[in-house]
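Working notes for the structure below.
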Amino acid sequence: MSASRFLLAVLVVGSAVLCTAAAPRALAAAAAAMASRHEKWMAEHGRAYKDEAEKARRLEVFRANAELIDSFNAAGTHSHRLATNRFADLTVEEFRAARTGLRPRPAPSAGAGRFRYENFSLADAAQSVDWRAMGAVTGVKDQGACAMHNTSTHTHAGCCWAFSAVAAVEGLNKIRTGRLVSLSEQELVDCDVSGVDQGCDGGLMDNAFQFVARRGGLASESGYPYQGRDGPCRSSAAAARAASIRGHEDVPRNNEAALAAAVANQPVSVAINGEDMAFRFYDSGVLGGACGTDLNHAITAVGYGTANDGTRYWLMKNSWGASWGEGGYVRIRRGVRGEGVCGLAKLPSYPV
C-alpha cells in the first residue's frame, strides 16, 4: 500500500471513530437542552408534578410535542406558526378529555330549515367585520379542565359547547339591547343536563340555545359564576335572567358564503376539529389547513377579514384563555370549498 493510501485509510478510520464517539455526546447535549427547555416551560406556566417519575413522563410527552412543533415551524411552508403553549405536556387523549367537549348531532336539529340571512347580499356587507370593535364580544374566557362528577368513559369531554353558545348569545344580546353582559356558562353546565348536553362531559350549542329559550333566558356571569366543574343546578341564581333568546337557526352546511352572511349580522357558534396539533398549538397567523374535519370542539365566529398578504380569514374566539393563540383568538382561512378548514363549515348555528 502506498503511503498516500495508508494515510487516507487512517483518516477514514479516525473520522469514523470520532463520529462514533461524538454521536452519544450530541444526543446527550440535545437531551440536556430539551430538559432545560422543559424546566423553563414549567416555570413559565406554573407547572409542578407530584414526583420525579411523573416529571420524567411529562418530559417525554413535552419532547415529542416540541419536536413536532419545531419541525412544523422550520418547514416554512405554513401560513401560521405553532408554540409550545401550556398544553405541551399533554397527550392527545388527555387534551381531548380536558379541553374539547363537543357532541355533534347525528341528524339536523329542530332549528334546521329556516335561515334568515339567505337573501342577505354580501356585496352590501362590509369587507371586514369584527364584533369586538362593535362592543359585542366579552373578554376571552377559559373553560379550564372542566371536572365531571364521575370517571365517565365517554370520548367527548369538556364544556366548550357552553362557552361557544354563551358567546353567541352575549353578542346577540348586545346587538338587540345595546348592553354587553357577560353571561353564565356554569348555568348551562349545571342545569342543561337532561339530553345531549351533559355539563363537563360534553354538549352541543343547538341544544344549549333550545335550553335557554325554554328557560326564558340565561343568568349573568356575576350572578352564576363559572366553577369549572359539574354542580347542582342553582335555581335561585338561574332565576335572575340577564338575557333571553327565542331559539336558534342553523347555517346551511358546508356553505361559507352563508356563514359569512350570518357572521356579518351576529356572532355565530362554530364546531371544529380542535385536537389536531395545528389548532391545539396555534400561536399566530392564518391557520390554513393541516387539521382534520372530525368535529370535537366549539368556538365562536366573531368576524372575518383579509390579512396583509391577501389571505381571507375568519376571526374566531376560543375558550382556552388569552395566553393561547392571538390573545385567545384564532384566524382561520376563509373561502375553502366543502367542509372548510378544520371542518368549520359543517355545523354552524346562531341564537335568534
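None of these values were measured; they are calculated from a predicted model.
- Between the CD atom in Gln186 and the CD atom in Gln227 there is a gap of 5.5 Å [rounded to 0.5 Å].
- Using modelled atom types and a 3.5 Å distance limit, the side chains of Glu275 and Thr100 yield no donor-acceptor pair.
- Heavy-atom minimum distance, Lys346 versus Pro348: C-CD, 3.6 Å.
- Think of Phe163 as one node in a network of Ile, Leu, Val, Met, Phe, Trp and Tyr side chains linked at under 4.5 Å; its network also takes in Tyr226.
- A distance of 6.0 Å or more separates the ring centres of Tyr313 and His80.
- Looking at residues two or more places apart in sequence or on another chain, you find a ring-ring contact (aromatic ring centres under 6.0 Å, His included) between Phe95 and Phe87, Trp320.
- The disulfide (SG to SG under 2.5 Å) contacts involving residues 40-79 comprise nothing, where partners must be two or more places apart or lie in separate chains.
- With 2.5 angstrom as the limit on SG-SG distance, Cys200 and Cys159 do not come in below it.
- Considering every non-hydrogen atom in both Gly203 and Trp161, the closest pair reads N-CD1, 3.1 Å.
- In this structure, Ser184 contributes its side chain and Tyr224 its backbone to a donor-acceptor pair below 3.5 Å.
- Contacts of Glu39 classified as side-chain hydrogen bond (donor to acceptor under 3.5 Å, both in side chains), with partners at least two apart in sequence or in another chain: Lys55.
- Looking at heavy atoms from C-beta onward, Met316 lies out of side-chain contact with Val302 at the 4.5 angstrom threshold.
- The backbone N or O of Ala278 sits nowhere less than 3.5 Å from a side-chain atom of Asp276 that would complete a donor-acceptor pair.
- Looking at heavy atoms from C-beta onward, Asn65 lies in side-chain contact with Arg280 at the 4.5 angstrom threshold.
- Among all heavy-atom pairs drawn from Asn273 and Gly292, the shortest one is CB-O, 3.1 Å.
- Take Asn85 and apply the side-chain hydrogen bond (donor to acceptor under 3.5 Å, both in side chains) test, not counting sequence neighbours, and it matches no residue.
- Counting all heavy atoms, side chain and backbone alike, Asp283 lies closest to Leu82 at CB-C, 3.8 Å.
- Within the 4.5 Å cutoff, the side chain of Ile175 has heavy atoms near those of the Pro267 side chain.
- When side chains are defined from C-beta on, Asp250 counts as touching Asp206, because their heavy atoms get closer than 4.5 Å.
- Side chains of Ser79 and Arg333 form a contact here, defined as non-hydrogen atoms less than 4.5 Å apart.
- Remark: the backbone N or O of Leu180 is not paired with any side-chain donor or acceptor of Asn173 at under 3.5 angstrom.
- Between Thr138 and Lys317, the side chains place a donor N or O and an acceptor N or O closer than 3.5 Å (distance only, hydrogens not considered).
- Checked for salt-bridge contact, Lys141 and Glu185 meet the test: a charged N lies under 4.0 Å from a carboxylate O.
- Residue pairs meeting the side chain to side chain donor-acceptor pair (under 3.5 Å) criterion with at least one member in residues 231-247, sequence neighbours excluded: Glu187-Arg241.
- A 4.5 Å side-chain heavy-atom check between Leu204 and Leu102 finds at least one atom pair inside the cut-off.
- No donor-acceptor pair under 3.5 Å is formed between the side chain of Thr300 and the backbone N or O of Ala167.
- Counting non-hydrogen atoms of neighbouring residues, nucleotides and ligands closer than 6.0 angstrom, the CG atom of Asp130 exceeds 12 such neighbours.
- For residues 323-352, every residue pair satisfying the disulfide (SG to SG under 2.5 Å) rule, not counting sequence neighbours, is listed here: Cys291-Cys342.
- Within the 4.5 Å cutoff, no side-chain heavy atoms of Val212 are placed close to those of Val166.
- Evaluation of the ring-ring contact (aromatic ring centres under 6.0 Å, His included) test over residues 330-352, restricted to residues two or more places apart or in two chains, returns Tyr117-Tyr350.
- Arg334 places a side-chain N or O within donor-acceptor distance of the main-chain N or O of Gly305, the cut-off being under 3.5 Å.
- In this structure, the separation between CG on Asn207 and CD on Gln198 is 10.5 Å, given to the nearest 0.5 Å.
- Taking CZ from Arg331 and CG from Leu287, the interatomic distance works out to 10.5 Å, rounded to the nearest 0.5 Å.
- Partners of Ser222 under the side-chain hydrogen bond (donor to acceptor under 3.5 Å, both in side chains) rule, at least two apart in sequence or in another chain, are Ser220.
- The existence of a salt bridge linking Glu170 and Lys174 is excluded, since no basic side-chain nitrogen approaches an acidic carboxylate oxygen closer than 4.0 Å.
- With rounding to the nearest 0.5 Å, the separation of SG in Cys160 from NE2 in His297 is 5.5 Å.
- At a threshold of 4.5 Å between non-hydrogen side-chain atoms, the residues Ser194 and Phe211 do not count as touching.
- Ion pairing between a basic and an acidic side chain is recognised when a charged N comes within 4.0 Å of a carboxylate O; Arg58 and Glu94 show such pairing.
- Taking 4.0 Å as the cut-off between side-chain N and carboxylate O, Glu60 and Arg63 count as a salt-bridged pair.
- Contact detail for Val140 and Ala322: the closest heavy-atom pair is CG1-N, 3.7 Å.
- Rounding to the nearest 0.5 angstrom, the gap separating the CG atom in Leu188 from the CE atom in Met205 is 12.0 Å.
- When atom types are taken as modelled, the side chain of Glu326 and the backbone of Gly285 share a donor-acceptor pair closer than 3.5 angstrom.
- To the nearest 0.5 Å, the span separating CD1 on Ile332 from CG on Leu315 amounts to 9.5 Å.
- Heavy-atom minimum distance, Glu339 versus Thr293: OE1-OG1, 2.9 Å.
- Identified under the salt bridge (charged side-chain N to carboxylate O under 4.0 Å, His left out) test for residues 67-89, with sequence neighbours left out: Arg37-Asp70, Arg47-Asp89, Arg86-Asp142.
- Partners of Trp314 according to the side-chain hydrogen bond (donor to acceptor under 3.5 Å, both in side chains) rule, which considers only residues two or more places apart in sequence or in another chain, are Glu256.
- A donor-acceptor contact shorter than 3.5 Å links the side chain of Trp131 to the backbone of Val263.
- With sequence neighbours excluded, the residues satisfying ring-ring contact (aromatic ring centres under 6.0 Å, His included) with Phe62 are His38, Trp41.
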